[in-house]
Amino acid sequence: MVPLAAVRGALPMNRPLIIGAGIAGSAAAIALAKAGERPLILERSRETGDALCGGFLSWATLKALNQLGVSPETLGGHAVGKVRIHAGGRIAEARVPAPGMGLSRHRLDTVLLDQAIQSGAAIERGVAVRSADATGAETGDGATLAAPALFLAAGKHGLRGHPRPAPGSAARDPVAGLRQRLGAGPALAAMTGDAVELFLFDRGYAGLVLQEDGTANLCLAVHKSRLAEAGGQPERLLEQWRGQSAALAARHDAAKSLGAIDAIGAVPYGFVAPGSNPDAPWKLGDQAACIPSLAGEGMGIAVTSAISAATSWQNGEAAGHWQAGFARRLAMPMAAARTIWWAGESPRITALAVPLLGSMPAITRGIAAMTRVAG
Ligand SMILES: Cc1cc2nc3c(=O)[nH]c(=O)nc-3n(C[C@H](O)[C@H](O)[C@H](O)COP(=O)(O)OP(=O)(O)OC[C@H]3O[C@@H](n4cnc5c(N)ncnc54)[C@H](O)[C@@H]3O)c2cc1C
């Protein structure tokens with residue numbers, strides 16, 4: 001394939017290009033701008049939305065954000081001190097290793113992008129990139145931009161030439177991500193409190209955490225075979241899960257309002273970009289790896305990959321070499337996250353494990369620590 005920079009008429013630039021103004025893209029822009037570069041972000045949406053995400057920022061993610069100059073006080077989210085696990089009527093609770101935060105993606109993405117612009121980055125909105133390699137990008141309207149480095153931070157969205165195959169159970173039985181916004185209410189605040197709550201079911205889970213304004217995101221990850229048993233209808237699946245968990249039903253009923261259910265299909269949980277391809281761009285965030293969302297570390301990977309890649313590029317390292325090293329760094333937390341995800345969606349295992357976790361909270365704390373990448 002011809003490198004995009006060599007395409008006749010390619011617009012040469014002396015600034016690094018970043019595809020996507022989500023967490024990874026903005027974090028990379030901040031890191032690069034602070035190091036004296038003038039990165040340009042290309043973002044396909046015209047406004048910052050509220051991405052489909054649980055909104056739980058782990059203590060390790062907060063630490064990584066702090067390295068970029070974004071302090072927890074600036075973010076102003078809802079403090080999270082506990083993890084509470086519900087399965088088959090049993091409950092296990094443990095303190096998290098250090099305080100985390102519940103925060104809407106609209107707020108986080110806005111703060112990060114503002115910081116990137118203040119640090120010297122530029123953004124062009126409404127530009128959808130069609131293809132990208134190590135040397136540049138081709139936009140949807142056919143323009144080609146050549147850049148000294150290209151950071152691919154397109155998140156959940158696929159880009160031609162950069163497949164993200166899911167391994168294991170997510171390949172055999174793909175996983176959908178769903179989100180319903182719950183309106184703020186005192187009863188919901190009293191029930192969930194300062195916990196991130198996980199409700200475990202056969203072939204899926206729901207996660208809940210309060211955000212900065214008392215609203216909550218109820219996020220579901222569910223295998224398609226299970227969704228099919230609910231007629232392929234997320235509303236019916238939620239109704240069935242409410243029937244199996246009085247705690248989930250109580251929180252759902254306590255919400256002031258219930259939003260529509262948004263969905264993304266086939267999240268490639270367990271994918272890790274292997275690296276070592278000299279023609280590939282620097283792949284960040286969900287393009288670098290997709291950790292099972294039950295672990296609550298996807299945003300940590302986004303920030304950490306961005307800081308690490310920006311530093312490595314500045315130090316003259318090759319993208320493929322860095323990517324392979326980052327994949328090695330992910331191996332342990334990813335294996336731990338895949339194991340707890342596999343265990344968490346098997347009712348026979350959770351029937352034994354949740355009472356054990358209830359009596360030995362140190363195990364939950366240990367697992368929470370093992371699944372961190374950031375920090
Ligand atoms: C159900 C669910 C719940 C989750 N809950 C949590 C949680 O509680 N905690 C946690 O840490 N992680 C969670 N995650 C994971 C987390 O949401 C992701 O890891 C994180 O959003 C990755 O950030 P990113 O910057 O890589 O991508 P994104 O945030 O998806 O940003 C990508 C950006 O690129 C833009 N873009 C895409 N394609 C193009 C293109 N072709 N041209 C130009 N721009 C483009 C998009 O518009 C977007 O702005 C969850 C994931 C799911 C599916």
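Every number for a ligand or one of its atoms is a count from 1 in the order of the listing. Predicted model, so just to flag it, every value in this text is computed and none were measured.
A donor and an acceptor atom, one from each side chain of D109 and T48, are nowhere located under 3.5 Å apart. Inspection of the H162 and Q287 side chains reveals no N or O donor paired with an N or O acceptor under 3.5 Å. Side-chain contact annotation: Q323 with R328, donor-acceptor N/O pair under 3.5 Å absent. Between the side chains of S26 and Q115, no donor N or O sits under 3.5 Å from an acceptor N or O. Side chain to side chain, R338 and T371 fail the donor-acceptor criterion of an N or O pair below 3.5 Å. Looking only at atom types and distance, the side chain of E37 has a donor-acceptor partner in the side chain of Q314 under 3.5 Å away. With no hydrogens or angles considered, a side-chain donor-acceptor pair links T74 and S71 at under 3.5 Å. Side-chain atoms of E138 and S131 form a donor-acceptor pair, as typed in the model, at a separation below 3.5 Å. Residues R130 and T139 bring no donor and acceptor atom of their side chains to less than 3.5 Å of each other. If you check the side chains of W342 and S169, you find no donor sitting under 3.5 Å from an acceptor. Side chain to side chain, R44 and H157 meet the donor-acceptor criterion of an N or O pair below 3.5 Å.
Note on ring orientation: taking the six-membered ring where Trp is involved, the planes of H86 and F199 are parallel (angle under 30°, cut-offs 30° and 60°).
Every atom of ligand 1 with a heavy atom of F56 under 4.0 Å away is listed here by number and element: 7 (C), 8 (O), 9 (N), 10 (C), 11 (O). In summary, the atoms of ligand 1 found under 4.0 Å from a heavy atom of K156, numbered by their order in the structure, are 17 (O), 21 (O), 30 (O). Shown in contact with L42 at under 4.0 Å from a heavy atom are these atoms of ligand 1, numbered in order with element: 43 (C), 44 (N). Per-residue contacts place A128 under 4.0 angstrom from the following atoms of ligand 1 (heavy atoms of the residue considered): 42 (N). Interface of I23 with ligand 1, defined as ligand atoms under 4.0 Å from a residue heavy atom, comprises 25 (O). Taking a cut-off of under 4.0 Å to the non-hydrogen atoms of G55, the atoms of ligand 1 that pass are 7 (C), 8 (O). Within ligand 1, the atoms closer than 4.0 Å to a non-hydrogen atom of I19 are 42 (N), 43 (C), numbered from 1 in the order shown. Those atoms of ligand 1 with a heavy atom of L52 less than 4.0 angstrom away are 1 (C).
Nearest non-hydrogen protein atom to atom 53 (C) of ligand 1 is Y269 OH, 3.6 Å. The shortest contact between atom 23 (O) of ligand 1 and any protein heavy atom is with A302 CB, 3.8 Å. Residue, atom and distance of the protein heavy atom nearest to atom 49 (O) of ligand 1 are E43 OE1, 2.7 Å. What sits closest to atom 34 (O) of ligand 1 on the protein, heavy atoms only, is G20 CA, 3.2 Å. In terms of protein heavy atoms, atom 15 (C) of ligand 1 is closest to G298 CA, 4.0 Å. What sits closest to atom 11 (O) of ligand 1 on the protein, heavy atoms only, is M299 N, 2.9 Å.
Between the side chain of D133 and the main chain of G136, a donor-acceptor pair closer than 3.5 Å is present.
Contacts between H157 and ligand 1, counted as non-hydrogen atom pairs separated by less than 4.0 Å, involve the side chain only. When heavy-atom distances to ligand 1 are checked against a 4.0 Å cut-off, A24 comes that close through both its backbone and its side chain. Under 4.0 Å from ligand 1, not a single heavy atom of I291 appears. Contacts between Y205 and ligand 1, counted as non-hydrogen atom pairs separated by less than 4.0 Å, are absent for every part of the residue.
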- Determine, stepwise, if the pair D194 / R84 fulfils salt bridge (Lys or Arg N to Asp or Glu O under 4.0 Å). CA-CA 10 Å; D194 70 339; R84 191 177 298 132; 5.2 Å; no
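Ring centroids of W341 and Y269 are separated by less than 6.0 Å, placing the two rings close together.
When the heavy atoms of C290, G22, C219 are ranked by distance to atom 33 (C) of ligand 1, first place goes to G22. Taking all heavy atoms of A153, C53, G155 into account, the minimum distance to atom 28 (P) of ligand 1 is reached by G155. Between the choices A176, G285, G158, A154, the shortest heavy-atom distance to atom 37 (C) of ligand 1 belongs to A154. Residue R105 holds the heavy atom nearest to atom 29 (O) of ligand 1 of all those in R105, R44, R160. Considering each of I301, D286, T139, D109, the one bringing a non-hydrogen atom nearest atom 18 (C) of ligand 1 is D286.
Put simply, no part of A221 is less than 4.0 Å from ligand 1, judged by heavy atoms.
Close N/O approach between I264 and ligand 1 is not found [any backbone or side-chain N/O within under 3.5 Å]. By the 3.5 Å distance cut-off applied to N or O atoms, G54 is counted among the residues near ligand 1. Close N/O approach between S293 and ligand 1 is not found [any backbone or side-chain N/O within under 3.5 Å]. An N or O contact shorter than 3.5 Å links V129 to ligand 1 by distance. For ligand 1, the polar-atom distance check against Q287 finds no nitrogen or oxygen pair separated by under 3.5 Å. Distances between N or O atoms of G25 and those of ligand 1 include no value under 3.5 Å.
At a threshold of 4.5 Å between non-hydrogen side-chain atoms, the residues M370 and P333 do not count as touching.
Scanning all heavy atoms of the two residues, the minimum distance from K283 to A288 falls at O-CB, 3.2 Å.
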